[in-house]
Each structure stands twice: as structure tokens, then as C-alpha cells.
2 protein chains.
Amino acid sequence: MREGVEWAVHCCINLSFISPDRAVPAARLAAFHDLPTAYLNKQLNALGRAGIVSSRSGPRGGFRLGREPEKITLMDVAAAIDGSARAFLCTGIRHQGPAGRIAGPAGHRTPCTVSQAFSRAELAWRRRLARQTIAGLADEVRRANPAAPDHVRHWFDRT
Amino acid sequence: MREGVEWAVHCCINLSFISPDRAVPAARLAAFHDLPTAYLNKQLNALGRAGIVSSRSGPRGGFRLGREPEKITLMDVAAAIDGSARAFLCTGIRHQGPAGRIAGPAGHRTPCTVSQAFSRAELAWRRRLARQTIAGLADEVRRANPAAPDHVRHWFDRT
DNA sequence: GGCCCTGTACTCGGATAGTTATTGTCCGAGTCCTACTGG
DNA sequence: CCAGTAGGACTCGGACAATAACTATCCGAGTACAGGGCC
């Protein structure tokens, strides 16, 4: 899993603490966690293409959440950054070489047992991620440190 | 996930169809699925280090399962090939820069909410993989095509 | 005084290098079988 | 005829390149504001 996923999730949580009518430039988001600005911008672009954040150029421009934090799941963020391709790709080696000739044409009709097994595990992973929302994580942060949201908001309010 | 995981699982299933007192060279396993011999050998080495297969050099040498197929899980194989490191690595960016100064030293005592969320999902994935054994998959193959085990065994018996 | 226009500064977005991880290949160390030689 | 031994062939195992993916960076396109000029 790419490192940018971690950055993206933290940025989304931070944005959820900030008034939705206020856009935050990538440079500011990067400075908050001491990250490379240009590269974080790239990740935020990916979030923008997925509709998770909306972007705006020019002065007073920047990024803001594209929809309510209750409707943004970790699965959405992970898919936007990492791609939604399966981790386990069945390349169909059971059809290659002598193995394929043994199974015969009938083998093509039955699904690949190995692929199914990994798909089941991956589905469990996806379901779990799809259940966690940015709003939910923000609440957990608030519970651990009730003052955090205000502190974050104030820091980003400073010019 | 690395491609070698697929190869390794299929090889383990094939080995489970073959008499345990008979070793199969990597070249033969590779030929069965038309795979690059040397690279498959590399993957089998990794399985050997994990104890999933046992290896033997020289004539009549090769690989065989290191323990009963009921005791080899997909998690074991995936960990042997791909490594057992977490997919999501928490680099602790919440402690970097102004964010860390806002949270203060207290922030270091509370666990990272984001990391925990991803860990939960990954745990679900691991549990699911740990429940599937090579023996289980072999049974599924047998159910889909009862003649398959014999065909495989006979093919590998041919010199 | 109000409106329009131009210039400027700011921000995103995609095109461009550098670096790490993965894939693929090769040759040496070790082992077992086989055939030969000597008793 | 049997035992010991030397040779050869086979197989794994780790060291060595090629390729692809990820990470990082830069500059151009577009936008909104601000200041000045004109009506």
C-alpha cells in the first residue's frame, strides 16, 4: 500500500475539522505534517478525480472536502490513491502449459479456486474499510483529545 | 501482492496431489504451468525457508511439502513470499511538524486512530487467509474435477 | 463616485527525472547415482 | 563375483542484471483579487 494513503486520510480528517466554505492550499496541508508539498499535491489531485475533495485554483483556492465526511470511507480514499485493482491478480496459470491441457476446455468454465479464496479475503478487507468513515475517525480523534479540532482549525486559520 | 504468491499456491496444491515420498524438481513444477524455471525456484526457496516445503539437492532431489497440507494456510504462503510486513505502515506523520506540536507529548501516548482502522481491516484479511488451507483448496479442486488429482499425479510420474 | 480593465500574485494540474522494489537470469556448492577397477 | 572408488550428472541456493513501480520535483495554465484609469 502506497504511503500517500496515510497522508490522504490525515488530510481528509483535518479538512473535516475546517469550515466547508474555506479552501486550504496543498502547501498549507503539507506544512502541517511536514510533508513534501508537490507530492502531496499529486495525491490530492487523485482525491479530486475521485470526487473526495473539490479543488479550486488561484488566490483563496485550495482543497476542501467534496462531500460530507460521513460519506467518505477509507475504502474510497485507498481506492483513489492506490487504485481499485485487486491485490491478487489471477493470471490464469492453471490454463498454461500441460496443466491447461489436462483440465481441458471444461477447466475454463469452472472458476479458479485459488483466485476465489483470495477474493474472499480481499472482500473482507474491503468491507471493513468501507465501514470506516472519515467522520467516524474524526470522532475517535475528538474523543481522545477533545481540544484537537479547535487547535487544528485555529492553526489553519492563521494566515 | 507479488505474482509469485499465485505460483506458490498452485505448486503447493499440485504437490499435495503427489506422494509425499517423492520430490519434484523446480524445473518440472515450472514446466507444468509454463513458468520461468529459475524464478519459480526462487519462490520455492522462500517456501523452504518458511518450512512450507522441504528441499533436497542432487539427483532424485526436488521439493515436497514440508508438512501436511491441512496445516499449510494461504496466510503462511503469502507471508513466505510477500513478507509478513503490514501493508499499511504508519509513519507517524501526526507527530511531524506543527501537528505534533499541537498534540503535544500526550499525543504520543494515544494510539494512531488511522493506523488502528487500517490494522482492523488487515486483520480481517489475515484471518480469512489463515482459515483457508492447501488441503481445503485441493478438496475444492477435487470436487470440481474428481479426475484432476490422478491426472496431475500421472503427469508428474512421467519421467 | 462608480465601473471597467489590466496586471499580478497565487494555486492547481499534468509532464518530467530519481530512487526503490520487483522480476528475471545465471553460475557455483552440494549430493547422489553409476560405472569402472582391483581384489 | 563383490566391494571400494572416482567420475559425472543433476538440483538447489544465493549472487548478479533488467525492468517496472513508486517517490519526488518542476513549470505552465487558469483564476481571483487589487490597483489604476476612464466615464
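Please read all numbers here as calculations on a predicted model, not as lab measurements. Letters A, B, ... mirror the listed sequences (proteins, then strands); counts begin at 1.
A salt bridge is absent between B:R142 and B:D150: the closest approach of a Lys/Arg side-chain nitrogen to an acidic carboxylate oxygen does not fall below 4.0 angstrom.
Note on B:R60: every side-chain N or O is 4.0 Å or more away from OP1 and OP2 of D:dT11. Note on A:S57: every side-chain N or O is 4.0 Å or more away from OP1 and OP2 of D:dA29.
At the heavy-atom level, A:A23 lies nowhere under 4.0 Å from the strands shown.
Atom-to-atom, CG of B:L40 to P of C:dC26 comes out at 16 Å; the value is rounded to the nearest Å. Rounded to whole angstrom, the span from the CE atom of B:M1 across to the C1' atom of C:dA21 amounts to 16 Å. Taking atom CZ of B:R56 as the reference point, atom C1' of C:dT31 lies 8 Å away to the nearest angstrom. For the pair B:N45 CG and C:dG24 P, the interatomic distance rounds to 16 Å; values are reported in whole Å. The distance between atom NZ of A:K42 and atom P of C:dT16, rounded to the nearest whole Å, is 12 Å. Here the P atom of nucleotide D:dT11 and the CG atom of B:L29 are 12 Å apart, to the nearest Å. One atom, CH2 of B:W7, and another, C1' of C:dG24, lie 9 Å apart when rounded to the nearest Å. For the pair B:N41 CG and D:dG14 P, the computed distance is 10 Å after rounding to whole Å.
Counting heavy atoms of neighbouring residues, nucleotides and ligands inside a 6.0 Å radius, atom CZ of B:R64 exceeds 12 of them.
Considering only the side chain of A:E3, D:dT23 comes nearest among C:dC12, D:dT23, D:dG13. In this structure, the nucleotide among D:dA9, D:dC33, C:dG13 sitting nearest to the side chain of B:P59 is D:dA9. Side-chain proximity of A:Y39 to D:dT23, D:dG13, C:dT25: nearest is D:dT23.
Side chain to side chain, B:H33 and B:N14 meet the donor-acceptor criterion of an N or O pair below 3.5 Å.
Across the interface with DNA chain D, nearest-nucleotide mapping of A:T37 and B:G62 shows B:G62 to be the residue nearer the 5′ end. Judged by closest nucleotide on DNA chain D, B:F63 is the one of A:Q43 and B:F63 placed further toward the 5' end.
When each of A:R67, A:K71, A:R131 is checked for a salt bridge (Lys or Arg N to Asp or Glu O under 4.0 Å) with A:D76, only A:R67 meets the rule.
Cation-pi check for B:R126 over A:W125 is not met; the charged atom does not lie both under 6.0 angstrom from the ring centroid and within 45 degrees of its normal.
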